[in-house]
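The block underneath contains the structure these notes are about, expressed in structure tokens.
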Amino acid sequence: MNGPLDDSAQQIERATADLEDLRRLLVRAGEGEIDPAELRSALEAYWSGNRPVLVAMAAWLGEQLRVQTLQALYQWRAELTRSVSPRRDPPR
């Protein structure tokens, strides 16, 4: 039985394998072995076939970066607050 995580992992693996196929096509195109129209068609097929998983991965990555950035900013703010807050001398 495949759950959502299993399906997502399979989609990512498929997108990765398809990307490797595109890399090979790009190499062949660079060597003049394939027609530019064939390469364009392959790129469009990759995008249309893998768009949902690519968009989801980009959204996930954006969220991870947002969380890391916020953590760093909160840490920086705490350090800044500590460094500029007035130090009170103990009573004599």
Side-chain angles (χ1 to χ4, degrees):
M1 175 183 280
N2 286 348
L5 292 177
D6 290 338
D7 291 342
S8 293
Q10 289 174 353
Q11 290 172 348
I12 291 169
E13 288 175 16
R14 188 174 336 116
T16 302
D18 291 348
L19 189 58
E20 178 59 26
D21 292 342
L22 271 181
R23 188 194 69 76
R24 284 194 280 281
L25 279 176
L26 284 167
V27 169
R28 289 180 58 210
E31 296 169 350
E33 294 180 10
I34 64 170
D35 184 299
E38 182 181 350
L39 180 60
R40 180 183 175 112
S41 176
L43 289 167
E44 290 171 348
Y46 176 79
W47 176 248
S48 66
N50 293 294
R51 185 174 187 269
V53 72
L54 295 172
V55 169
M57 287 171 47
W60 177 84
L61 179 59
E63 179 61 16
Q64 295 304 307
L65 291 172
R66 185 188 73 78
V67 167
Q68 289 177 6
T69 301
L70 282 173
Q71 288 172 340
L73 285 171
Y74 285 133
Q75 182 179 358
W76 178 73
R77 183 179 71 177
E79 290 171 6
L80 186 62
T81 300
R82 280 192 301 272
S83 71
V84 298
S85 63
R87 291 189 167 67
R88 296 180 187 208
D89 292 331
R92 294 182 191 206

Closer than 3.5 angstrom, by distance alone: can the side chain of T81 be matched with the main-chain N or O of R77 as a donor-acceptor pair?
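At least one qualifying donor-acceptor pair exists.
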Quick note, salt bridge (Lys or Arg N to Asp or Glu O under 4.0 Å) partners involving residues 10-21, not counting sequence neighbours, are E20-R23, E20-R24, D21-R24
Salt bridge (Lys or Arg N to Asp or Glu O under 4.0 Å) pairs touching residues 60-73, sequence neighbours excluded, are E63-R66
Q.
Check this for me: W47, atom CH2, are more than 12 non-hydrogen atoms of other residues, nucleotides or ligands nearer than 6.0 Å?
A. yes
#### Entry: Side chain to side chain, Y46 and L54, heavy atoms closer than 4.5 Å
yes
Cluster membership besides L73, Ile/Leu/Val/Met/Phe/Trp/Tyr side chains within less than 4.5 angstrom, sorted by chain and number, is none
Under a side-chain separation threshold of 4.5 Å, the hydrophobic residues clustered together with L70 are Y74
Looking only at heavy atoms, the pair that brings A42 and L25 closest together is CB-CD1, 3.3 Å
Closest non-hydrogen atoms of A15 and V53, given as atom of the first, atom of the second and distance, are CB-CG1, 3.8 Å
Using side chain to side chain contact (heavy atoms under 4.5 Å, CB included) as the criterion, list what pairs up with E44, not counting sequence neighbours.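 If we apply the side chain to side chain contact (heavy atoms under 4.5 Å, CB included) test to E44, skipping adjacent residues, the hits are R40.
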Sorted by chain and number, sequence neighbours left out, side chain to side chain donor-acceptor pair (under 3.5 Å) with Q75 holds for E79
Interatomic distance, CD1@I12 vs CG@N50, rounded to 0.5 Å, equals 11.0 Å
